[in-house]
Structure formats: C-alpha cells, structure tokens
Protein chains: 2
Amino acid sequence: MFDTAFPAENARSHLAPAALRIVDAVLDALSDRNLPAGGKLGEELLARLFETSRTTVRQALQHLRFLGIVDIEPNRGASIARPTARMAADLYAARRAIEAQTVADAARYCTANDMRTMLAHIERQDAAATAKNRRELVRLRGEFHLVIAEIGGNAVLCHLLSQILPRCALIRALADPQPFTKRQIDEHRTLAQLIARGDAKKAIALMQSHLQINERQLGFSGDDQARVNNVDVWLGAYARPQAAKRQA
Amino acid sequence: MFDTAFPAENARSHLAPAALRIVDAVLDALSDRNLPAGGKLGEELLARLFETSRTTVRQALQHLRFLGIVDIEPNRGASIARPTARMAADLYAARRAIEAQTVADAARYCTANDMRTMLAHIERQDAAATAKNRRELVRLRGEFHLVIAEIGGNAVLCHLLSQILPRCALIRALADPQPFTKRQIDEHRTLAQLIARGDAKKAIALMQSHLQINERQLGFSGDDQARVNNVDVWLGAYARPQAAKRQA
DNA sequence: CGCCGCCACTTTGTATACAATAGCGTCTTT
DNA sequence: AAAGACGCTATTGTATACAAAGTGGCGGCG
C-alpha cells in the first residue's frame, strides 16, 4: 500500500537496515508499553542485542533522538525520553495546528481512490482492534493520520506529522490508561466521510475534537519509574527480527 | 540573549563542536547564496576542508539531512537539496499553519520582558540591514520568528519551526531575487506591537500576509545549475572558523 | 564505427581500535 | 567519623581501517 512516495518511509529510507531494525524495535516496544521512561540505552548493550556495531547503533539513536523518543546528553549517552504533562500539551497543540491544515487539504484534494485507501485502512484498524493486536492498532491509528496528510499532498506537513506521531505514541504508552476503544475508529470513519465529501469545515472540527478527546484521556498520574529499568529485559524480545515478527 | 532554553540551540546541542562547525558553514554559505543547488558534498572532501574525520562529517550531513538542506542517497552520498516550486509552496503552507499558532500563543502569553526582547531583536535586524550584512540579516529574520515561537512557549512548535526555517532560507537563497528590504523589518515591528497588545486576531492576519508576501517574492526562473559546482571553492572560505568570523 | 560488457577506481557503508570524559569508590586527612 | 580529593572503571566520542557498491573508462565484439 505504501510505496516509496510515502513520506514517513521516505524519511527512514536512508537508514541502514540494521539501524532501522533497532528503531523499529524501540517503536514496537513503545507500542506494547514496554518502555521504561528514562531507561538508559547503552550503545554497547544495543550493539550486542542487535548484533551490530556501535556505529550503526548511534545512527539509530540519532534518529530516535530526532523523533523525540530518546534524549541524548553529551558524554552521558541515550535514554528514553521522559515527557512531561506540559510537553504532551504542547505536542497535541502542535498536532491540532498541523492536522487542521492536512485535513483541510485532504478535503480539498480527496479523490475516489483516496477514499478507498482510507476505507481500506480503517478496515485494517478494525481487524487489529478485533484481534486485540495492540501494537498493530497503535501503529495503524497513527498511520491513518498520515494517510490523511498524504491525501492533502503537502510533503512538508506529512514529514512534520511523521516526526511527532511517535512522540504521541510514547506519551500515550506512558500515560494513556485506555488501550482499546472502537470509538476512535468510528471517528476515523466519520472523518473519512467528511473528507471525501469535501466538507473541510466539519472535518477540521471533528479532527480537533478527536485530538482533544485523545489528549484528555492522558493522565500523568502513573509512576513510570516503577517499570522495569533493565533495558536488555524489555528490549530483548524485540532484538531478533523473527521474534518481533512472530508476535505481530 | 539566547541561553540553553532556546529551542533551536537545544536541538543542536548534542552535536560535536566540529560537526556544528560544518553545519554552520553550510548554513552560512546558504545565507550568502553561495550554495550550488544539487552540488555534491563528498565526505572525504569535507573531512579535509574541516580537518576532521569522516565520522564527524557524517554526523553533520545527517543533521543537514534532517533539516532538509541536503539529500542523501544510499551509496551515492550527500548533495545540496534542489527544492522545487511545489516544495516551496508546501513549506510556506506549513509555516502558515505553524506560525498562526505560535503567534496566537505569543499574543496570549507575551510579557513586558518578552516585548523588550522582540524590540531588541528588531534593533539588531535594523543594524544588520543598515550594515548591509546579508548573512546576519537572513539569520536574524528567521530567528525573529523563533523568538515569537519561544514567547508562545510551545516547545514542540519551536522545534518544528527551527527545523523548517533553514529550508526556507535555502529556498530564498535559490529563488528570492530581493535580498535587502526594510519593509519586512517594519512588518516585524508591527507584529511585535500586535503581540504585545495581545491582539491575536490581527497578529495572525499580519503573520499570514507577511509569509504570503515572502512566498510571492519567490521566483523559480533562475537556472541554479549555472552556479559554481565546485564545492571546495564555495565552501572553502567557510571551512576555517577565523575566516567565517572575519566576514561576520 | 558503434555498442555492450568487463575491470579498475572512487566513494560510501560498517566495524573496530584508541582517546577523552564522567561517575564512583576508596583512601587519606582533619 | 566525616569530608574532600585522588584514581579507577565504565561509557561515550573520534579516528582509522577494511568491505561493499556504484561509476566511468577501456577494450573487445558485432
């Protein structure tokens, strides 16, 4: 479905396959809520886990830093970002600003084929929700917003959105108590219809409320430090490609 | 003026000093319009020019790729991005979406001290314009928008803006025929006043027109391939820190 | 004479080795 | 016994060496 023209893939295309595996492993672990906030990501350790060199690991860490998933302090190394409530609010405010535009563009330029793409994607969301495949569902929910941005056709907005979506996923993994809900998929479906109809005004309004509802679900009460902090424990399962594939 | 809290600096803080020098050299060359679009940036060459290793060069190139200043093709290396008219339109559309929000936030949260910061910054813009210091003026014009975003207080929007501003600078360096104009600084001054007054509505409107005027000035008529393509020629002057300092 | 294939060279990608820095424990001194 | 300073260890930062891939030129063949 997503060929080389897909902006999110485009942004990753330059990465070495090995580095990409590490990035995906971290993102997968994030979707599964197996991320210890503030957990340290030693280069040597990752190199051993993924059977590659530190050079490649550093590539991956740089990319994750760019996505806001890890913090890198000079001479201190990388650790999982510890997003604050303020950061979450900023992030969602930014999303509202960006996605208001992507939705408007999508409503303007949506073709019949685009509508089919959206519906097919929503089908996959439904399937993932039915199968209670949390990781896939988290991935698809974010990806759907990218699909809309792609229909809008603004490559820059696509790129920006693909950057901040993983951070939203991180925040939700740490602070969202409600994993499975069909309502969001229903909102996606309604959104798709409004876009296909070209009703930009209503589509924007729905997107805004859709995002605000998501944001309000966040609660920063949970003490994230309570999670496992042994990175090799929680990342170990994601290191081997076959292990990751098997779960998916 | 800008301490560690400044988002743009924050995003660069992790880079090695040597890598930062390379990034700044490219950005300076860009401000001076000494950038051959599509020009190849060989790693070995840069390593020799900046008297460092290819490891550091690669770091800098990765960062420039993040900023959209260079394209990196696998096994082909890095080259200066060749932005299209479409890309420019997308970029400015994204800026309008983002800066509408930053201006609104700034108008809401602007303090007396923030106003002084803006005015002081505008003073520097005036000084650079009077001194016909093109590089400094280009830098300050972009930075002013970041100052506004900083006043707004949304770190994510600051970060996103700091990412796309260099690309705007690249596009203007390649396609903007009008280097020196005081009108933009006047607009900045008016914008500052509206923000300080808390008039979000008018401030947003002015920002939109400000950006649209800038965008309309762009003309993609010039054949950029006509420029020098010998990277060592145009970057040589920026390689040595003292050389760059001397011009500034 | 033109085109196709092969070989050499150039350039990038990856891994490893070395250097520098921060954190931490211990030892000494007051 | 407590506090400070020194040195050790663990981890990151940087450079170099080796491997792989791509590009261009040369020679043979049609």
Reckon B/Arg76 touches a base, only the sugar-phosphate, or nothing at all at heavy-atom distances under 4.0 Å? sugar-phosphate
Looking at every non-hydrogen atom in both residues, tell me the closest pair between A/Leu140 and A/Arg124 and how far apart they are. CD1-O, 3.5 Å
Is there a side-chain polar atom (N or O) of A/Gln59 under 4.0 Å from OP1 or OP2 of C/dG13? no
Supply the atom-to-atom distance B/Asp24 CG to B/Arg139 CZ, rounded to the nearest 0.5 angstrom. 9.5 Å
Atom pair distance, as rounded to whole Å: CG in A/Asn75 and P in D/dT14: 8 Å
Send over the distance from A/Glu51 CD to C/dT14 C1', rounded to a whole Å. 15 Å
Could you give the CD-to-P distance, from B/Gln62 to C/dT14, as a whole number of Å? 11 Å
Given D/dT14, D/dG13, C/dT14, which nucleotide is nearest the side-chain atoms of A/Arg54? D/dG13
Whole Å only: how far is the CZ atom of A/Arg21 from the C1' atom of C/dT14? 14 Å
Rounded to whole Å, the CG-C1' distance (A/Leu41 to D/dT12) equals 14 Å
Let me know, please, whether B/Ala78 or A/Thr55 comes out on the 5' side of the other along DNA chain C by nearest nucleotide. B/Ala78
Applying a 4.0 Å non-hydrogen cut-off, can you work out what B/Thr56 is touching in the nucleic acid: base, sugar-phosphate, or nothing? sugar-phosphate
Expressed in angstrom and rounded to an integer, what is the separation of B/Lys40 atom NZ from D/dG22 atom P? 13 Å
Is the shortest side-chain heavy-atom distance between A/His145 and A/Leu211 below 4.5 Å? yes
From D/dG13, D/dA15, C/dA15, nucleotide with atom closest to B/Thr52 side chain: D/dA15
Round to the nearest Å and state the distance from A/Leu46 atom CG to D/dT12 atom C1'. 13 Å
Does B/Asp114 reach the main-chain N or O of B/Ile151 with its side chain, forming a donor-acceptor pair under 3.5 Å? no
Atom-to-atom span, CD of B/Glu43 to C1' of D/dG22 - whole angstrom: 14 Å
Give a yes/no on whether any side-chain N or O of B/Arg58 is located under 4.0 angstrom from OP1 or OP2 of C/dG13. yes
Could you pull out the closest heavy-atom pair between A/Ser162 and A/Leu67, with the gap in Å? O-CD2, 4.2 Å
